[in-house]
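Everything below concerns the one structure shown next.
In what follows, chains are A, B, ... by sequence order, proteins preceding strands, each numbered from 1.
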Amino acid sequence: MNQRYGKEEKLKQKKQIETLFTDGNSLGQYPIRLFYLRVTSENIHQPTRTGVSVSKRNFKNAVDRNKIKRLLREAYKKNKYLVNDLNSHPYWLMIVYVGKEIPELKPLDVAVMKAFKKLKKIKK
RNA sequence: UCAGCAGACUGUCUUAUCGCCCAGAUUUCAUUUUUGGGAGGAAAGUCCGGACACCAUAGCACAGUAUAGCGGGUAACUCCCGUCAUUCGCAUAUGCGGAUAGGACCAGUGCAACAGAAAGAAUGUACAGGUUAUGCUGUAGUGAAACCAGGUAAACUCUAUACGGUGCAACGUCAUGUAAACCAGCGUCUGAGGGUUGUGCGCCCAAUGUUGGAGGGUAGGCGGAUGGAUGUUUUUGGUAACAAAAGCACUAGAUAAAUGAUAAGGAUCCACUUUGGUGGAGACAGAAUCCGGCUUACAGGUCUGUUUUUUUU
């Protein structure tokens with residue numbers, strides 16, 4: 001199973017992120033919230049891009065935010081197979097952590113999996 | 001031997017699997033394979049000082065702000081070192097450790113508790129001297145200080161020294177589409193109005209013609225950008241901070257932002273214990289242009305100094 005998460009699979013450009021937040025939809029699966037957007041035809045040859053985010057309001061220290069983002073990436077890596085075969089159409093995704101406490105990997109893993117399954121159901 | 005305080009150093013290790021960022025090598029149509037490197041003592045707060053970059057809206061004068069024993073170090077500093085004075089604590093013959101907004105009040109202005117008649121455009125009371133008498137002189141009394149006297153400048157002020165502003169989202173450069181709104185030189189006219197750091201001077205902008213160049217804003221790529229006031233060892237100079245010379249080393253460069261996750265084991269500490277083990281804990285905190293400081297946070301461990309308690313001599 002491919003569990004790589006390289007540069008070309010990260011959502012990086014500011015413009016793309018703004019578009020995702022303004023035009024995209026979202027679904028909640030506590031303690032995360034998933035923003036998603038079906039990409040337009042001009043970007044159809046690119047892979048699915050995913051970003052992670054943690055609010056500065058809930059976690060003041062940069063160390064904690066980094067920790068959570070790393071855990072989110074780890075959870076994404078394990079569950080990415082669920083979104084990669086999504087009608088073979090690329091998506092832009094943003095996983096936002098909305099919890100108030102530093103999580104463990106396992107519940108986060110489950111949450112991401114459930115969120116991706118929900119997404120899959122919606123698309124069908 | 002126990003505990004406290006101060007300072008310095010350190011601040012979990014190994015293996016396996018799955019991954020991330022950078023650089024090199026290899027190979028290919030894409031790419032693959034492989035080697036090496038990958039957070040801190042504070043990376044933090046952004047409080048000082050620089051390097052670097054741009055801007056006459058940048059200059060000059062006044063104003064303003066900062067610093068303040070003396071000597072030295074440094075690229076520079078509100079930093080560091082030495083030393084003097086004052087002062088606090090411990091000792092008390094010498095000493096040890098800490099603190100100090102420690103220049104100037106015979107340039108001027110102001111302020112001053114209590115006591116005292118009076119702290120100054122004042123001259124009381126008592127006594128004595130002197131005088132025709134008053135003015136005058138001395139003494140007493142209050143107080144730190146009573147006349148051509150002092151104290152106070154975290155009071156104005158004066159003196160000396162320094163200080164333009166904005167910050168790498170600086171700035172340079174590449175290139176796609178849009179559009180003629182751009183920039184530079186020269187000529188002509190108006191010099192009204194606007195801009196600037198508080199004020200004045202100065203400076204800049206603004207109209208039009210012409211010549212030349214390609215330029216501007218937005219998003220993106222690249223440079224800036226990591227080899228440097230670098231680290232370390234030795235020698236020399238110096239009380240020291242530090243400097244010089246020689247040798248060796250290369251030590252993160254991301255950009256919605258890498259340095260991680262899982263499993264097993266070993267040290268360390270804590271609790272329980274059937275002495276076999278079992279369970280738990282590891283602080284403060286994450287580079288963002290780069291350096292020198294300061295300040296603040298910090299579990300545990302090591303070392304040094306100092307004080308106290310207990311035991312033995």
Side-chain angles (χ1 to χ4, degrees):
Chain A
M1 198 195 312
N2 180 15
Q3 293 195 352
R4 301 174 78 88
Y5 181 38
K7 233 178 185 178
E8 63 280 353
E9 292 179 35
K10 286 178 186 167
L11 191 63
K12 292 182 136 180
Q13 296 189 358
K14 205 178 271 179
K15 214 171 179 181
Q16 294 177 351
I17 292 161
E18 281 173 11
T19 310
L20 171 58
F21 278 128
T22 50
D23 299 343
N25 298 311
S26 76
L27 56 87
Q29 175 65 51
Y30 191 83
I32 63 163
R33 176 157 281 275
L34 180 68
F35 289 82
Y36 60 96
L37 180 67
R38 200 179 160 93
V39 301
T40 49
S41 53
E42 62 206 55
N43 292 320
I44 202 156
H45 296 298
Q46 296 182 358
T48 292
R49 292 180 182 273
T50 309
V52 296
S53 180
V54 181
S55 170
K56 204 171 187 176
R57 203 182 312 146
N58 293 337
F59 297 96
K60 221 180 72 196
N61 287 345
V63 175
D64 298 335
R65 290 199 299 277
N66 279 347
K67 172 91 176 163
I68 294 164
K69 282 200 265 186
R70 283 164 184 158
L71 290 173
L72 285 174
R73 278 195 213 102
E74 202 66 30
Y76 169 74
K77 267 164 55 186
K78 289 192 173 177
N79 295 295
K80 63 181 281 192
Y81 69 94
L82 288 168
V83 287
N84 269 9
D85 58 346
L86 224 58
N87 304 329
S88 65
H89 190 100
Y91 276 80
W92 288 345
L93 303 169
M94 179 63 82
I95 305 168
V96 180
Y97 186 75
V98 293
K100 298 268 195 272
E101 284 166 15
I102 298 171
E104 293 287 314
L105 180 62
K106 275 185 181 172
L108 211 55
D109 194 11
V110 172
V112 171
M113 189 181 73
K114 282 185 179 170
F116 282 175
K117 281 183 176 168
K118 272 189 193 175
L119 179 63
K120 213 170 175 181
K121 212 177 276 178
I122 290 165
K123 287 301 126 187
K124 274 177 183 170

Should [X] be listed as having a side-chain N or O under 4.0 Å from OP1 or OP2 of [N]?
{"X": "A/K69", "N": "B/G260", "result": "no"}
{"X": "A/R70", "N": "B/U262", "result": "no"}
{"X": "A/R65", "N": "B/A257", "result": "no"}

* **Cluster check A/L93, A/L27: I/L/V/M/F/W/Y, side chain < 4.5 angstrom** => yes
* Is there a chain of hydrophobic side chains (I, L, V, M, F, W, Y, each step under 4.5 Å between heavy atoms) that links A/I95 to A/V110? ->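 Different clusters: A/I95 never reaches A/V110 through Ile, Leu, Val, Met, Phe, Trp or Tyr contacts under 4.5 Å.
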Spacing of [X] atom [atom1] relative to [N] atom [atom2], expressed in whole Å:
{"X": "A/L71", "N": "B/U262", "atom1": "CG", "atom2": "C1'", "result": "12 Å"}
{"X": "A/K60", "N": "B/C284", "atom1": "NZ", "atom2": "P", "result": "12 Å"}
{"X": "A/E74", "N": "B/C18", "atom1": "CD", "atom2": "C1'", "result": "8 Å"}
{"X": "A/K78", "N": "B/U262", "atom1": "NZ", "atom2": "P", "result": "8 Å"}
{"X": "A/K80", "N": "B/C18", "atom1": "NZ", "atom2": "C1'", "result": "12 Å"}
{"X": "A/N66", "N": "B/C284", "atom1": "CG", "atom2": "P", "result": "16 Å"}
{"X": "A/R73", "N": "B/A258", "atom1": "CZ", "atom2": "C1'", "result": "8 Å"}
{"X": "A/Y76", "N": "B/C20", "atom1": "OH", "atom2": "C1'", "result": "14 Å"}

Out of curiosity, [X] [atom1] to [Y] [atom2], how far, rounded to the nearest 0.5 Å?
{"X": "A/N79", "Y": "A/E74", "atom1": "CG", "atom2": "CD", "value": "11.0 Å"}
{"X": "A/Y97", "Y": "A/S53", "atom1": "OH", "atom2": "OG", "value": "13.0 Å"}
{"X": "A/K77", "Y": "A/R73", "atom1": "NZ", "atom2": "CZ", "value": "10.0 Å"}
{"X": "A/L105", "Y": "A/L71", "atom1": "CG", "atom2": "CG", "value": "5.5 Å"}
{"X": "A/R65", "Y": "A/N58", "atom1": "CZ", "atom2": "CG", "value": "10.5 Å"}

Mind checking who [N] pairs with, Watson-Crick or G-U wobble, both distances under 3.5 Å?
{"N": "B/G138", "answer": "B/C127"}
{"N": "B/U27", "answer": "none"}
{"N": "B/A154", "answer": "none"}
{"N": "B/A254", "answer": "none"}
{"N": "B/A243", "answer": "B/U236"}
{"N": "B/A66", "answer": "B/U161"}
{"N": "B/G212", "answer": "B/C183"}
{"N": "B/G224", "answer": "none"}

Nearest-angstrom distance, [atom1] atom, [N] to [M]:
{"N": "B/U100", "M": "B/G64", "atom1": "C1'", "result": "29 Å"}
{"N": "B/C5", "M": "B/A256", "atom1": "C1'", "result": "48 Å"}
{"N": "B/U259", "M": "B/G40", "atom1": "C1'", "result": "13 Å"}
{"N": "B/A299", "M": "B/U197", "atom1": "P", "result": "49 Å"}
{"N": "B/C81", "M": "B/U295", "atom1": "P", "result": "12 Å"}
{"N": "B/G7", "M": "B/G276", "atom1": "P", "result": "45 Å"}
{"N": "B/G213", "M": "B/C171", "atom1": "C1'", "result": "22 Å"}
{"N": "B/A119", "M": "B/G150", "atom1": "C1'", "result": "11 Å"}

* **Sugar-phosphate only, base, or nothing, as touched by A/N61 at under 4.0 Å among non-hydrogen atoms** =>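 A/N61: backbone/sugar contact only, no base atoms under 4.0 Å.
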* Asked: Of A/A62 and A/V52, whose nearest nucleotide on RNA chain B comes first from the 5' end?
  ->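 Closest to the 5' end, via its nearest nucleotide, is A/V52.
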Should [N] be called syn or anti, with syn set as within 90° of 0?
{"N": "B/G191", "value": "anti"}
{"N": "B/A39", "value": "syn"}
{"N": "B/U125", "value": "anti"}
{"N": "B/G41", "value": "syn"}
{"N": "B/U35", "value": "anti"}

* **Test side chain to side chain contact (heavy atoms under 4.5 Å, CB included) applied to A/Y76 and A/V52, step by step** => CA-CA 9 Å; A/Y76 169 74; A/V52 296; 5.7 Å; no
